Amino acid sequence: MILMLSEKSCGAIIYLKNGSERLYLLLKYTSGHWDFVKGNIETDEAEKETVVRELREETGIIDASFVGNFREKIEYFYRRRQGEDVHKEVFFYIMKTCTENITLSFEHVDSIWLNYTQAIEKLTFKNAKDLLKKANLFLNKLEK
Ligand code: ATP
């Protein structure tokens, strides 16, 4: 039997309002991809606690609040440098902030606020683009 390692992370599609436009925050990971804020769940943490902690650690944002009951999963497989294959699940929530200035941690090399169209272009992975599409539709409905 082949045992597959599994990892669970939680993250946030975080946005701020610039006039009537929503700007989404993307981070550039040291491995090169552009993605949302996310990180591994620590022992005994609830998903939303992970999201709030990761947001603070990775961006310095402390004023954000959860929006609606959005919770969506993406999953993928990747190979660690040591050669092990990992099945990873990431659960995403939507959060809104008024903080524009980002303080990056060592885990990222860049950050950017982009409108929907620009963010779809910038995101590296197809499943992240699909996730943003869902989140944007969710927010369009909520703001109607
Ligand atoms: P975390 O932010 O959860 O602590 P991490 O920074 O350790 O995670 P990931 O961002 O999951 O790691 O990246 C690990 C590997 O998976 C990298 O090689 C990356 O290219 C790949 N990867 C990241 N996101 C996706 C995705 N949405 N689809 C496919 N592969 C991905």
Side-chain angles (χ1 to χ4, degrees), residues 1-18 21-142:
M1 190 174 72
I2 301 169
L3 279 179
M4 165 90 58
L5 294 173
S6 67
E7 253 180 61
K8 181 178 168 183
S9 275
C10 292
I13 297 147
I14 180 144
Y15 70 94
L16 56 75
K17 285 302 275 282
N18 181 29
E21 194 169 52
R22 280 191 296 270
L23 299 181
Y24 295 99
L25 180 64
L26 303 188
L27 301 177
K28 188 175 187 184
Y29 285 67
T30 49
S31 42
H33 57 290
W34 284 93
D35 207 349
F36 301 107
V37 171
K38 65 174 171 55
N40 282 98
I41 296 192
E42 291 180 355
T43 325
D44 294 338
E45 240 180 1
E47 288 183 3
K48 285 185 172 180
E49 289 174 340
T50 303
V51 175
V52 169
R53 179 182 51 73
E54 290 290 342
L55 186 63
R56 187 184 64 240
E57 291 176 0
E58 297 187 342
T59 70
I61 293 175
I62 54 170
D63 73 331
S65 48
F66 288 95
V67 179
N69 57 356
F70 188 93
R71 178 179 179 268
E72 285 285 333
K73 180 176 81 169
I74 67 170
E75 53 188 324
Y76 48 93
F77 295 89
Y78 74 95
R79 181 159 290 177
R80 288 204 185 136
R81 248 176 290 170
Q82 302 90 320
E84 308 128 314
D85 288 323
V86 183
H87 173 230
K88 183 155 182 174
E89 292 182 309
V90 191
F91 293 86
F92 281 96
Y93 293 82
I94 297 178
M95 295 190 87
K96 184 179 183 180
T97 182
C98 292
T99 308
E100 196 183 336
N101 281 343
I102 301 303
T103 310
L104 286 180
S105 73
F106 66 92
E107 288 180 73
H108 301 102
V109 291
D110 207 356
S111 68
I112 193 165
W113 291 103
L114 295 174
N115 70 24
Y116 174 68
T117 311
Q118 297 164 326
I120 288 282
E121 283 267 302
K122 193 82 169 171
L123 283 163
T124 302
F125 296 107
K126 165 85 164 56
N127 49 11
K129 292 177 197 276
D130 291 344
L131 174 74
L132 179 57
K133 207 177 282 179
K134 274 189 196 166
N136 194 60
L137 281 173
F138 181 91
L139 290 169
N140 285 348
K141 281 194 189 135
L142 206 67

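Everything quoted here is computed from the prediction, not taken from an experiment. Order of listing sets the numbers, starting from 1, for every ligand and every atom in it.
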| message | According to side chain to side chain donor-acceptor pair (under 3.5 Å), does anything in residues 121-138 pair up with another residue at least two apart or in another chain? List the pairs. | response |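 Listed once each, the pairs are R22-N136, Y24-N136, E72-K134, K126-D130.
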| Test side chain to side chain contact (heavy atoms under 4.5 Å, CB included) applied to M95 and L55, L25, V37, V67, the passing residue |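 Output: one option passes, namely L55.
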| field | Neighbouring protein residues of ligand 1 - any heavy atom closer than 4.0 Å | value | S9, Y29, H33, D35, K38, G39, N40, I74, Y76, Y78, K88, F125, N127
| Set of residues satisfying ring pair (Phe, Tyr, Trp, His ring centres under 6.0 Å) with respect to F91, sequence neighbours excluded | none
| query | Does any pair with a residue in residues 111-135 pass ring-ring contact (aromatic ring centres under 6.0 Å, His included), and if so which ones, sequence neighbours excluded? | reply | H33-F125
| request: Could you verify whether a donor N or O on one side chain and an acceptor N or O on the other, from S105 and E57, lie under 3.5 Å apart? | output: no
| request: Inspect the contact between E49 and R53 and indicate whether a charged nitrogen and a carboxylate oxygen are less than 4.0 angstrom apart. | output: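 No salt bridge links R53 with E49.
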